[in-house]
There are 2 protein chains.
Amino acid sequence: MPLSVQRRREKQKAELRSELVDAAHKLVQEEGYEGLTIRKLAKRVGYAPMSVYSYFADKQDILFALAEDAFETLARRIEEHPSDDPVEALRAVMTEYAAFGLGNPNEYRTVFMTEKTRLPEGRSYEDMEEGNPAMKVLIRRVEACVAAGKLKGDPRAIATMLWTVGHGTISLLITFPFYPFGDPQAYVKRMCDFMLASLSAQDIPSLTETPLHC
Amino acid sequence: MPLSVQRRREKQKAELRSELVDAAHKLVQEEGYEGLTIRKLAKRVGYAPMSVYSYFADKQDILFALAEDAFETLARRIEEHPSDDPVEALRAVMTEYAAFGLGNPNEYRTVFMTEKTRLPEGRSYEDMEEGNPAMKVLIRRVEACVAAGKLKGDPRAIATMLWTVGHGTISLLITFPFYPFGDPQAYVKRMCDFMLASLSAQDIPSLTETPLHC
DNA sequence: GTTGGTTGCCTGACAAAGTTATATACGCTG
DNA sequence: CAGCGTATATAACTTTGTCAGGCAACCAAC
């Protein structure tokens with residue numbers, strides 16, 4: 001059966017690939033973005049440097065895989081913190097997002113703050129949203145808030161705005177650690193509370209139907 | 001007169017240093033962050049690669065100088081857009097900040113999104129705020145809004161929150177250009193309007209006196 | 001069972017990067 | 001004029017990503 005053999009091969013290949021992603025993850029976490037080199041990566045899994053190129057087109061490709069993995073991990077962490085209260089569930093998204101970023105600053109920088117001008121081959125714009133499980137769960141929890149009457153407006157627009165503020169908060173705390181933000185946790189909580197209070201007071205229109213005048 | 005001689009030397013040194021910063025600025029703008037190399041920098045000012053090390057300790061030091069320069073440029077651009085209406089003046093800060101970031105994405109990335117774990121030698125935390133003219137003008141314009149009764153709370157806290165949201169907006173637009181934000185300008189305006197409306201509805205406490213419970 | 005092609009992995013090499021060590025040349029000091 | 005220090009240049013070292021090519025094992029077919 002040639003299919004079975006091919007399947008087994010593909011599986012092995014997928015396994016080694018995810019093993020490489022895992023090693024890259026640890027490498028970034030331990031030594032930072034600049035610690036992630038092809039040679040170190042290969043040594044960690046016991047292969048020659050050039051063998052990495054059998055699984056990834058180039059270094060950018062590794063970074064994309066790392067980003068994908070990080071989004072999945074983040075989504076998993078978020079879903080470990082559910083709540084019956086839709087607002088609390090939404091707050092948990094922000095809290096976990098911040099905890100993820102502040103707990104793994106190196107990886108956060110690598111994944112969320114490095115050039116994404118090139119899309120991985122065969123990916124479209126929509127894939128970015130569809131294939132991003134963390135964004136999906138955020139939108140879902142916003143929808144729950146809208147359904148419960150706690151928020152009003154377009155869920156994707158609200159989710160995007162929350163993402164914007166969350167990202168701004170985390171990345172500033174990471175990039176300018178010496179700026180007197182006060183306690184990082186407290187600043188995250190402040191921004192989260194502020195956003196939830198402010199969003200609940202407005203009707204948020206969709207991102208596409210913004211008034212063009214002015 | 002040894003003093004005069006020494007002064008002239010210092011001046012020449014400062015001039016070449018700023019010439020190098022200028023060249024670095026152009027290099028980043030033209031070729032992006034990875035286009036900024038010591039060798040290219042030296043070639044651009046007509047010196048040998050190693051001569052750069054007479055003016056900067058290492059590459060990080062160049063990036064710090066570049067950041068300082070960018071902050072000054074940004075502050076200048078903001079102050080070219082004054083207004084009698086304090087809220088409009090504040091809005092101009094956000095607009096110019098966004099225009100700066102979206103117009104020079106390479107430099108924005110280099111200055112605002114790269115590792116700042118190490119402070120330049122002889123700088124303290126306070127210098128970061130004192131020596132940042134862009135932050136200073138932002139705080140001043142927030143103070144004007146507070147004085148006019150348009151905003152309420154601690155000016156530095158309000159300014160920091162505005163910076164957070166502005167940075168989040170710009171960096172997401174830069175890092176994930178394929179995400180369907182809609183028109184970038186419109187998204188910037190949306191976030192700006194949202195923040196000004198939301199801030200005016202609340203009394204913002206200082207960053208240090210956040211409630212510790214919960 | 002032997003043969004040929006495909007695949008996976010490795011060795012070696014190259015260019016470009018930051019940085020260190022060493023040499024040279026200019027200008028001030030005595 | 002002699003000496004010295006600073007500024008600049010040259011060469012070399014290390015590490016990086018990546019290309020070219022080689023070896024060995026496996027699969028298919030005669």
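Each chain gets a letter, A, B and so on, in the order its sequence line appears, and its residues count up from 1.
- In terms of heavy-atom proximity, B/Asn106 sits nearest to B/Gln29 at ND2-O, 3.5 Å.
- Rounding to whole angstrom units, OH of residue A/Tyr33 and C1' of D/dT16 are separated by 12 Å.
- Contact between the side-chain N/O atoms of A/Tyr53 and the OP1/OP2 oxygens of D/dC19 is not found at any separation under 4.0 Å.
- Straight-line distance from the CG atom of B/Leu20 to the P atom of D/dA7: 14 Å, rounded to whole Å.
- Taking the six-membered ring where tryptophan is involved, the planes of A/Phe112 and A/His167 are tilted, since the angle between them lies from 30° to 60°.
- Distance, A/Leu63 CG to D/dG17 P: 10 Å, rounded to whole Å.
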Exercise for review: Would you mind building the protein contact string for nucleotides 8-14 of chain D? One character per nucleotide, 5' to 3', B for base within reach (heavy atoms under 4.0 Å), S for sugar-phosphate only, - for untouched.
Suggested key: BSBBB--
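- Aromatic ring pairs are classed by plane angle as parallel below 30°, tilted from 30° to 60° and perpendicular above 60°; the pair A/Tyr187 and A/Phe181 is tilted.
- The interatomic distance linking B/Glu34 (CD) with D/dG17 (C1') rounds to 13 Å, in whole Å.
- As judged by a 4.0 angstrom heavy-atom cut-off over every strand, B/Leu41 is placed among residues making no nucleic acid contact.
- Residues B/Thr73 and B/Arg76 have side chains in contact (heavy-atom distance under 4.5 Å, counting atoms from C-beta outward).
- Looking at heavy atoms from C-beta onward, A/Met113 lies out of side-chain contact with B/Ser171 at the 4.5 angstrom threshold.
- One interatomic measurement links the two molecules: NZ of A/Lys43 to C1' of C/dC10, which rounds to 15 Å at whole-angstrom precision.
- Checked by atom type and distance alone, the side chain of A/Arg190 never pairs as donor or acceptor with a backbone atom of B/Ile204 at under 3.5 Å.
- Between the A/Asp154 side chain and the A/Ala157 main chain, a donor and an acceptor come within less than 3.5 Å of each other.
- Across the protein-nucleic acid pair, B/Phe56 atom CZ and C/dT19 atom C1' stand 16 Å apart, rounded to whole Å.
- Nucleic acid contact for A/Ile62: none, since no nucleic acid atom lies under 4.0 Å from a heavy atom of the residue.
- Remark on the helix from C/dG1-D/dC30 to C/dG30-D/dC1: inter-end axis angle 20°, axes from five-pair C1' superpositions, rounded to 10°.
- Defined by atom type and a distance below 3.5 Å, a donor-acceptor pair is present between the side-chain atoms of B/Tyr179 and A/Thr160.
- Here D/dC19 presents its P atom at 15 Å from NZ of A/Lys59, a figure rounded to the nearest Å.
- Counting to the nearest Å, the C1' atom of C/dG18 and the CG atom of B/Asp58 are 9 Å from each other.
- The minimum heavy-atom distance linking A/Gly35 with A/Lys40 is given by the pair O-CD, 3.4 Å.
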